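Take a look at the structure below.
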Amino acid sequence: MAATLRTIDATVSADGVVTTAEPIFGPCKAVLTLLVDEKVPNAVTRAAMDESTEDLPRYNTMEDIRATLGI
């Protein structure tokens, strides 16, 4: 029997119950990728937050942005 991977939106409750946005027929194996809000930023996010923003360009109008981009 051939197998395919599908992406299906789902919600996982605090007690671990998975509710899918569409029906799943028959028992099947699943691989879950979870989008979890982190209360504490990870090292990459912390490093990005610590970067200086002083030298970044600032734009006040769409015209400023277009002029900078040459469009």
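Fair warning: this is a prediction, and the values are worked out from it, not measured in the lab. Numbering starts at 1 and runs along the sequence shown.
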For [X], what residues pass the side chain to side chain donor-acceptor pair (under 3.5 Å) criterion, not counting sequence neighbours?
| X | result |
| --- | --- |
| D50 | none |
| T53 | none |
| E51 | none |
| N60 | none |

side-chain contact (heavy atoms from CB on, under 4.5 Å) partners of V12, counting only residues at least two apart =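 Testing V12 for side-chain contact (heavy atoms from CB on, under 4.5 Å), a comparison that skips the adjacent residues, returns V18, L34.
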
Can you name the residues that form a side-chain contact (heavy atoms from CB on, under 4.5 Å) with A67, not counting sequence neighbours?
->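 Counting only residues at least two positions away or on another chain, A67 forms no side-chain contact (heavy atoms from CB on, under 4.5 Å).
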
Test question: given the 4.5 Å side-chain rule for I, L, V, M, F, W and Y, name all other residues clustered with [X], or answer none.
| X | value |
| --- | --- |
| I65 | Y59, M62, L69, I71 |
| V40 | none |
| F25 | none |
| I24 | I8 |

Does atom CG of D55 have more than 12 heavy-atom neighbours from other groups under 6.0 Å away?
->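 Open.
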
What pairs meet the salt bridge (Lys or Arg N to Asp or Glu O under 4.0 Å) rule with one or both residues in residues 62-71, with sequence neighbours excluded?
->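 Not a single pair qualifies under salt bridge (Lys or Arg N to Asp or Glu O under 4.0 Å).
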
Could you name each residue pair satisfying side chain to side chain donor-acceptor pair (under 3.5 Å) that touches residues 22-36, not counting sequence neighbours?
->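 Every pair satisfying side chain to side chain donor-acceptor pair (under 3.5 Å) with a residue in residues 22-36: R6-E22.
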
